[in-house]
S.K.: 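Pasting in a structure now, in structure tokens, and then I'll have a few things to ask.
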Amino acid sequence: MKKAFTLVEITIVISIIALIISAAIALLNPFTQIKKSWDGKRKAELNTLPKIFEDFYNDKNRFPLASDVCFDTASAPRIDVFGKTACFCQICGRSSQSPKIPQLPNLPCDPQSSQKEYLYDYDCSTASPNWFRIYTKLSLLADPDIERVGCGNGCGPAPD
């Protein structure tokens, strides 16, 4: 007598394996985990960029202009929600159009660069910017940091 698996036994084993894989995917939710990792990287870089810009300020006695850090041209001046004249542009150090200057050699890029970029909002009322803000759009909208900084309905220049 031959010892072999029957078609019914093989079907049952494959069904059990498929059920275990489905349960693992449902519990681990890999898409949410990927979004969490992107947001973690964004938050870490948003903590690093101000330090880089403060070092730039110490060297140049001003914060960077769009031409110092952005790969695109600055927006037209506008009055922001704080009543200040502001311009914005996008930051990504890996972009071929990104300026290369010694004080800012390692400008980061958003993990989803080309779909999303860091937004540099700065004082464009003078030739020497006195302030700046950096914005990003997180992947997980239910992130507690969004509420903590008061951006439940979104922050930053429109339409971003």
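Residue indices begin at 1 and follow the sequence shown.
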S.K.: Can you tell me which residue pairs pass the disulfide (SG to SG under 2.5 Å) test with a partner in residues 14-71, sequence neighbours excluded?
M.R.: C70-C89
S.K.: Could you give the distance from CD1 (I12) to CD1 (I17), rounded to the nearest 0.5 Å?
M.R.: 12.5 Å
S.K.: Would you compute the distance between atom CG of N29 and atom NZ of K35 and round it to the nearest 0.5 angstrom?
M.R.: 8.5 Å
S.K.: For the pair Y120 (side chain) and P64 (backbone), establish whether a donor and an acceptor sit closer than 3.5 Å, ignoring hydrogens and angles.
M.R.: yes
S.K.: Donor-acceptor check, side chain of D123 to backbone of N130, threshold 3.5 angstrom: yes or no?
M.R.: yes
S.K.: Keeping the roles fixed (side chain from D121, backbone from R133), state whether a donor-acceptor pair exists under 3.5 Å.
M.R.: no
S.K.: Output all residues satisfying side-chain contact (heavy atoms from CB on, under 4.5 Å) with S67, sequence neighbours left out; order by chain, then residue number.
M.R.: L65
S.K.: Return the minimal non-hydrogen interatomic distance between K116 and D110, and the atom names on each side.
M.R.: O-CB, 3.4 Å
S.K.: Under a 3.5 Å cutoff, is there a donor and acceptor pairing between the side chains of R62 and T126?
M.R.: no
S.K.: Which heavy-atom pair separates Q112 from S139 by the least distance, and what is that distance?
M.R.: OE1-OG, 3.3 Å
S.K.: Suppose we screen for ring-ring contact (aromatic ring centres under 6.0 Å, His included). Which residues come up paired with Y118, at least two apart in sequence or across chains?
M.R.: none
S.K.: Might you confirm whether atom NZ of K41 has over 12 heavy atoms from other residues, nucleotides or ligands at distances under 6.0 Å?
M.R.: yes
S.K.: Would you say Y122 and L46 are hydrophobically clustered, going by side-chain heavy atoms of ILVMFWY under 4.5 Å?
M.R.: yes
S.K.: How many angstroms lie between atom CD of E45 and atom CD1 of I91, to the nearest 0.5 angstrom?
M.R.: 10.5 Å
S.K.: Do you know the tightest heavy-atom contact between I25 and P30?
M.R.: O-CD, 3.7 Å
S.K.: Would you name the heavy atoms of L138 and R42 that are closest together and state the gap between them?
M.R.: CD2-CD, 4.1 Å
S.K.: Could you grab the distance from atom CD1 of I52 to atom CG of N47, nearest 0.5 Å is fine?
M.R.: 11.5 Å
S.K.: Do the ring centers of F53 and F132 come within less than 6.0 Å of each other?
M.R.: yes
S.K.: Determine whether the side chains of Q33 and S37 contain a donor N or O and an acceptor N or O closer than 3.5 Å.
M.R.: no
S.K.: Just by distance, do the side chain of S75 and the backbone of F88 share a donor-acceptor pair under 3.5 Å?
M.R.: yes
S.K.: Check C124 against A86 and note the closest heavy-atom contact, atom names and distance.
M.R.: SG-C, 3.3 Å
S.K.: Using atom types as modelled and distance alone, determine if a side-chain donor or acceptor of S22 lies under 3.5 Å from a backbone N or O of A18.
M.R.: yes
S.K.: Can V81 be reached from W131 by stepping across I, L, V, M, F, W or Y side chains whose heavy atoms are under 4.5 Å apart?
M.R.: no
S.K.: Between S113 (side chain only) and C109 (backbone N and O only), is there a donor and an acceptor less than 3.5 Å apart?
M.R.: no
S.K.: Provide the closest heavy-atom pair for A66 versus A74 in the form atom of the first, atom of the second, distance.
M.R.: CB-CB, 3.6 Å
S.K.: Between L119, L49, V69, which is the residue that forms a side chain to side chain contact (heavy atoms under 4.5 Å, CB included) with I134?
M.R.: L49
S.K.: Quick one: do I16 and I21 end up in the same hydrophobic cluster if we chain Ile, Leu, Val, Met, Phe, Trp and Tyr together by side-chain heavy atoms under 4.5 Å apart?
M.R.: no
S.K.: Could you walk me through whether K43 and D143 pass the salt bridge (Lys or Arg N to Asp or Glu O under 4.0 Å) test, one step at a time?
M.R.: CA-CA 11 Å; K43 290 176 188 180; D143 191 292; 2.8 Å; yes
